[in-house]
S.K.: 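The following block contains the structure, expressed as structure tokens.
Chain A is the first sequence line, chain B the second, and so forth, proteins listed ahead of strands; every chain is numbered from 1.
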Amino acid sequence: MKFALLINTGPYQHQAADTAYQFARAALAEGHTIRRIFFYQDGVYNASRLSVPPQDDRHIVRRWSALAAEHRIELLLCSASALRRGILDKEGARVNAIDTDNLAPGFRLAGLAQLIDAGIEADRLLSFAD
Amino acid sequence: MKFALLINTGPYQHQAADTAYQFARAALAEGHTIRRIFFYQDGVYNASRLSVPPQDDRHIVRRWSALAAEHRIELLLCSASALRRGILDKEGARVNAIDTDNLAPGFRLAGLAQLIDAGIEADRLLSFAD
Amino acid sequence: MSTKKRIMIVNHRPPHGTLHAWESLDLTLTAAAFEQEVSVVFMGDGVFQLLADQDTSQINIKNFAPAYRTFRDYDIRHVYVEKEALARRGLSSDDLLIDVNLVDTGALCRLMTEQDIILHF
Amino acid sequence: MSTKKRIMIVNHRPPHGTLHAWESLDLTLTAAAFEQEVSVVFMGDGVFQLLADQDTSQINIKNFAPAYRTFRDYDIRHVYVEKEALARRGLSSDDLLIDVNLVDTGALCRLMTEQDIILHF
Amino acid sequence: MDWKRMLHTVNKSPTESDKLETCLRFTQAGHAVLLIENAVYAALAESAMAGQWPDKSSGITVYVLTPDLAARGLLGRDLHPDIRQIDYPGFVRLVTENDVVQSW
Amino acid sequence: MDWKRMLHTVNKSPTESDKLETCLRFTQAGHAVLLIENAVYAALAESAMAGQWPDKSSGITVYVLTPDLAARGLLGRDLHPDIRQIDYPGFVRLVTENDVVQSW
């Protein structure tokens, strides 16, 4: 079965990003497909490559990047949510005359239409939120 | 009277950072002093210089920087909260071998002890949270 | 992509205290522009999103409430408000910014059964 | 700075679902290390923070619950748990990781009156 | 034991959270309660809080932040008569007049 | 009108939010409810939800995510007898067995 996931909360502060990750791992292990994970609202904070959690804790951002690379999953961020909250790709930094970007590998900015598109294309759209 | 403020939620997602700002403006206008504003938990997201809100909306991060410069207020972030959530100063970026920092002007990383210190030094410690 | 799905967006929270109402509205308008069959539900404190006369100037937060009036332009006709939620707050449909369908729990249950995707905010 | 203040930290939320419990604990230990007079209160769902036998290995989240045992090392002796909150959840003080003082609303009200700073998490 | 004047602030609606109800359990004579952000909905005459407010003889004063009322379209509505409206300077004054502030 | 099998997930304790209560109002025969994250506290035999669960004849099945029970120290405790424990693969199965998933 094809799943799409929607994540609406930031890492660490809420468990939702952890639950989504554990769900994704279990779904992939059972032979299901995940095409796209969409990060909306505070969910965009999951994509900052500047995140440095304590060494004995999980690294949520890197975990997403690794999962995406391993299983060819699109990690998309709502660009309006991301810009507002300070998550920028190179293009966003350039356009807004900011000296740096902070998007982690494997993530890409997108429009909300691509969330709708994910919902249409997938057999199930699951959201993980506050 | 001397106030210290504690802000525990991120910008935009929760109104707390707005309420704190309006309170601070009113307190300063009434002749009170604010020495230190401490950002803890998701509050550290208030300090990202990469934030690009819609043009017709307020710019919460720049508003803090301007307030601090105007009234010589210390803007301190809990460094453990900030590192975990991807808010880094130059030193944090260097130590963790990350290619860039994202701390906005006027903000500084600090330890939680400096929140306690703020509470001791101020006549009133007010918190703005979820 | 030509497939059409029935999408329902359910709003539970009051506006301004958090960004949920605004970002839910953005998603609703996007789904409608994408020509999906969109239903919008306001239940519990979510009914406060539609209250008339919101004036955010004193808190310097952008007032997005007028955007609910664009529902008509986007051809969003399935707008449902939980009847009991309004009543319990001393409100009636006259207090709201736009025309809505007042529904009870049973009717909402049936509407949910017709959807392909349901997202809560 | 030599001034001493009486600081109370009040915990309302269960652990793991959010980071509030952990970050409140960090602040509590810092305040104690700073030699302030610290009181810690667990009320409502906050009493779940102290529940024994928490095992977070299956959700791969760091289990910080053992750190409550360091309260003794930090000389944090004012640990209060709302009696009614425990009872309503079918729990007793035997179910908790550490020794606590069970208090009712009236006693907590009086304790609050003695504080200089009260922070809720 | 010294007696302190206390200001309690609450920022969640009575539907979103039980914080307001809990706060009122810990509010004593001489204390003030200030409703801000989403808690201003509690000031509606008809709300989950109706009938649960401390009465006039309690010595507790309840305030609501007017800018937050206005933002939510509640200014012209039927509000609980004993709740006093204040603006940000009034908020600052309440903080100075009380010894301790609790944000629930 | 087509009838859909539905899975409802809830992640807040009954004290934190009224989401679980609201969700149950919209849960019909044949539906499943899954308690995750802080909602697993609702599975305690003594909780704000005691006496509010749908009975066996309702055709509603309530599940709880075991890894979240374990994380919170609830595995050995007195839980509501009709609530079934499942792990992440079980969560995945519930999603596939139902046509629509609502995360409240």
S.K.: Any ring-ring contact (aromatic ring centres under 6.0 Å, His included) involving residues 101-121 of chain D? Give me the pairs, sequence neighbours left out, ordered by first then second residue.
M.R.: His12(D)-His120(D), His120(D)-Trp104(E)
S.K.: Under a 4.5 Å heavy-atom cut-off, does chain F meet the side chain of Leu91(D), its backbone, both or neither?
M.R.: side chain
S.K.: Just how far is it from atom CG of Leu35(F) to atom OG1 of Thr9(F), taken to the nearest 0.5 Å?
M.R.: 9.5 Å
S.K.: May I ask you to test the Phe71(D)-Leu29(D) pair for a side-chain heavy-atom distance under 4.5 Å?
M.R.: yes
S.K.: Taking Leu74(F), Thr15(F), Asp87(F), Leu75(F) one by one, which has the highest count of heavy-atom pairs under 4.5 Å against chain D?
M.R.: Thr15(F)
S.K.: Anything in residues 77-86 of chain F with a heavy-atom distance to chain D below 4.5 Å? Please list those residues in order.
M.R.: Arg77(F)
S.K.: Ignoring hydrogens and angles, tell me if any N or O in the side chain of His16(D) forms a donor-acceptor pair with the backbone of Ala71(F) under 3.5 Å.
M.R.: yes
S.K.: Report which part of Ala87(D) has an atom under 4.5 Å of a heavy atom belonging to chain F: side chain, backbone, both, or neither.
M.R.: backbone
S.K.: Nearest 0.5 angstrom please: Leu108(D) CG to Met112(D) CE, how far?
M.R.: 5.5 Å
S.K.: Could you check whether any side-chain heavy atom of Met6(F) comes within less than 4.5 Å of a side-chain heavy atom of Phe26(F), counting everything from C-beta outward?
M.R.: no
S.K.: Would you call the rings of Tyr80(D) and His78(D) parallel, tilted or perpendicular, where under 30° means parallel and over 60° means perpendicular?
M.R.: parallel
S.K.: Could you grab the distance from atom NZ of Lys19(F) to atom OG of Ser13(F), nearest 0.5 Å is fine?
M.R.: 12.5 Å
S.K.: In terms of heavy-atom pairs under 4.5 Å, which option from Thr18(D), Thr56(D), Asp55(D) contacts chain F the most?
M.R.: Asp55(D)
S.K.: Any chance you could measure Thr28(D), atom OG1, to Gln36(D), atom CD, to the nearest 0.5 Å?
M.R.: 13.0 Å
S.K.: Give, as side chain, backbone, both or neither, the part of Arg88(D) having an atom under 4.5 angstrom from any heavy atom of chain F.
M.R.: backbone
S.K.: Looking at CD1 of Ile117(D) and CD of Glu37(D), how far apart are the two atoms once the value is rounded to the nearest 0.5 Å?
M.R.: 12.5 Å
S.K.: Can you measure from CG (Asp75(D)) to CD (Glu35(D)) and round to the nearest 0.5 angstrom?
M.R.: 9.0 Å
S.K.: Can you check whether anything in residues 47-54 of chain D gets within less than 4.5 Å of chain F, heavy-atom wise, and list it by number?
M.R.: Phe48(D), Leu51(D), Ala52(D), Asp53(D), Gln54(D)
S.K.: For the CG atom on Asp99(D), are there more than 12 heavy atoms of other groups (residues, nucleotides or ligands in this structure) within a distance under 6.0 Å?
M.R.: no
S.K.: Output yes when a side-chain donor or acceptor of Asp45(D) lies under 3.5 Å from a complementary backbone atom of Arg13(D), and no otherwise.
M.R.: no
S.K.: Under 3.5 Å, is there a donor-acceptor pair between the side chain of Arg25(F) and the main chain of Glu21(F)?
M.R.: no
S.K.: Would a 4.5 Å heavy-atom cut-off, applied to side chains only, mark Lys12(F) and Leu20(F) as touching?
M.R.: no
S.K.: When you measure from the side chain of Glu82(D) to the backbone of Gly44(D), do you find a donor-acceptor pair of N or O atoms at a distance under 3.5 Å?
M.R.: yes
S.K.: If the contact rule is any heavy atom under 4.5 Å from chain D, which residues of residues 37-59 of chain F qualify, in numerical order?
M.R.: Asn38(F), Tyr41(F), Leu44(F), Glu46(F), Ser47(F)
S.K.: For the candidates Pro14(D), Gly17(D), Gly90(D), which exhibits the highest count of non-hydrogen atom pairs separated by less than 4.5 Å from chain F?
M.R.: Pro14(D)
